[in-house]
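Heads up: the structure comes next, in structure tokens.
Just so it is clear: chains get the letters A, B, ... in the order the sequence lines come, proteins before strands, and each one is counted from 1.
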2 protein chains.
Amino acid sequence: MRDIAGSVGIQQSAIYNHFPSKQQLLVDLMESHMRRLLDAMHNAVGTWGSPVERLVAFTRFHVTYHIDQPEDVFLAYMELRSLETDGRAAVVPLRDAYEATLRAILADGAASGEFRISEPSVVSKALLAMMTGVTVWFRDDGRLDRDAVADTYVQTALQAVGADT
Amino acid sequence: MRDIAGSVGIQQSAIYNHFPSKQQLLVDLMESHMRRLLDAMHNAVGTWGSPVERLVAFTRFHVTYHIDQPEDVFLAYMELRSLETDGRAAVVPLRDAYEATLRAILADGAASGEFRISEPSVVSKALLAMMTGVTVWFRDDGRLDRDAVADTYVQTALQAVGADT
DNA sequence: TCCGCCCAAGAACGAGTGTTCACCTGACAT
DNA sequence: ATGTCAGGTGAACACTCGTTCTTGGGCGGA
């Protein structure tokens, strides 16, 4: 709390004029992060298009977003476990809604025969973990830039669901 | 430290008869975990066999091991960032060696044309994150048991590297 | 039997934590 | 001009943290 206050140029005690507690501040932070992520994703993916097109859009969006905002995402994933029950109730549904979008894409593709997957709900969690993991190792001065990395993840995700022939 | 001491039935101060500091205790814990993981993996995978066979063995091992020892793995992944420089120097090479095994499998498969991947080093990190993510959601009383989940991950990994036709 | 020596207990330390309180200040509506 | 009030300050609180120190008991070797 002292660090946060210092980084915005006020005293620790002044934070409590805006947030009732550290827990609530964390909940607000994570909730607004998840809402921004959801909005941006819906903007980038939409509901039109084939499962392949939507999976490409989703993957490219998720990877580039996570590369561009690594600290937001890191905090949101890392601190989910330190939310108490009321905070969880506010954040977890947003996270589920996000995952549900990917799961729907996979289920559509599986139903139409374009994807070769037996368990969409497992594969959606697997792909999400795979894509999110990019934040752990990506460096701006690395050999591959964000677009090249995103391309690699798109190809890998497409192959993972058996979309290629 | 008080919790750890309590869970083994001694006082907090008695810990310091065995470990010089909390940092060193964490380093020892993570180092021994990584060594056990590496040994078990080398046992399960080996160097014989085709890239496909080795990838199957690696994936099945990694997923089931992480399902069976979730708390060890969770701690090892979560607390890597809280290791100071000397601790990192002891643990990171072990982690790199583990990933190098997967990367070698992928590179072999790519070289022989059995795998369709353009960036083995990226894909190895992607697959590792995908497999490790199973600890986040797997529950013993879930719809799928560990073997069924492992099968799903094996299929997904194989498809991800383009091993299927 | 006595001597070292692990290894444990218990109290205390200094530093850091989230939070509260009384007080002050400056802008705005009346 | 005056009263209101959101929003700041600085000190203090109760507590937890990792760590240190003194003390003492039990056990094996001489």
*What is the distance, rounded to the nearest whole Å, between atom CD of Gln23(A) and atom P of dT17(C)?*
17 Å
*Is the distance from OP1 or OP2 of dG8(D) to the nearest side-chain N or O of His18(A) less than 4.0 Å?*
yes
*Arg103(B)/Glu99(B) ion pair, N-O < 4.0 Å*: yes
*Inspect the contact between Asp140(B) and Arg146(B) and indicate whether a charged nitrogen and a carboxylate oxygen are less than 4.0 angstrom apart.*
no
*Length of the line joining Ile15(B):CD1 and dG10(C):P, which is rounded to integer Å*: 15 Å
*Any donor-acceptor pair under 3.5 Å between the side chain of Asn17(A) and the base of dA6(D)?*
no
*What's the NZ-C1' distance between Lys22(A) and dG16(C), to the nearest Å?*
12 Å
*Can we say Arg60(B) and Asp151(B) salt-bridge, meaning some charged N sits less than 4.0 Å from an Asp/Glu carboxylate O?*
yes
_Check this one for me: any side-chain N or O of Gln11(A) less than 4.0 Å away from OP1 or OP2 of dG10(D)?_
yes
*Between dT17(C) atom P and Ile4(A) atom CD1, what is the distance in whole Å?*
11 Å
_Is it the case that the base of dG10(D) and the side chain of Ser13(A) share a donor-acceptor contact (distance under 3.5 Å, atom types as modelled)?_
yes
*Knowing that exactly one of His42(A), Arg36(A), Arg35(A) qualifies, which makes a side-chain contact (heavy atoms from CB on, under 4.5 Å) with Leu38(A)?*
His42(A)
*asked:* Could you tell me how far apart Gln12(B) (CD) and dA11(C) (C1') are, to the nearest whole angstrom?
replied: 10 Å
_Starting the side chain at C-beta, find the nucleotide from dG8(D), dG18(C), dC21(C) nearest to Ala14(A)._
dG8(D)
*From the options Val149(B), Thr156(B), Val154(B), select the one residue that forms a side-chain contact (heavy atoms from CB on, under 4.5 Å) with Thr152(B).*
Thr156(B)
_Output the rounded distance in Å from CZ (Phe19(A)) to C1' (dG7(D))._
14 Å
*Tell whether Arg2(A) reaches the base of dG16(C) with its side chain through a donor-acceptor pair below 3.5 angstrom.*
no
*Report the distance from atom CE of Met1(A) to atom P of dT20(C), rounded to the nearest whole Å.*
10 Å
*Using whole Å, report how far CD1 of Ile10(B) lies from C1' of dC6(C).*
13 Å
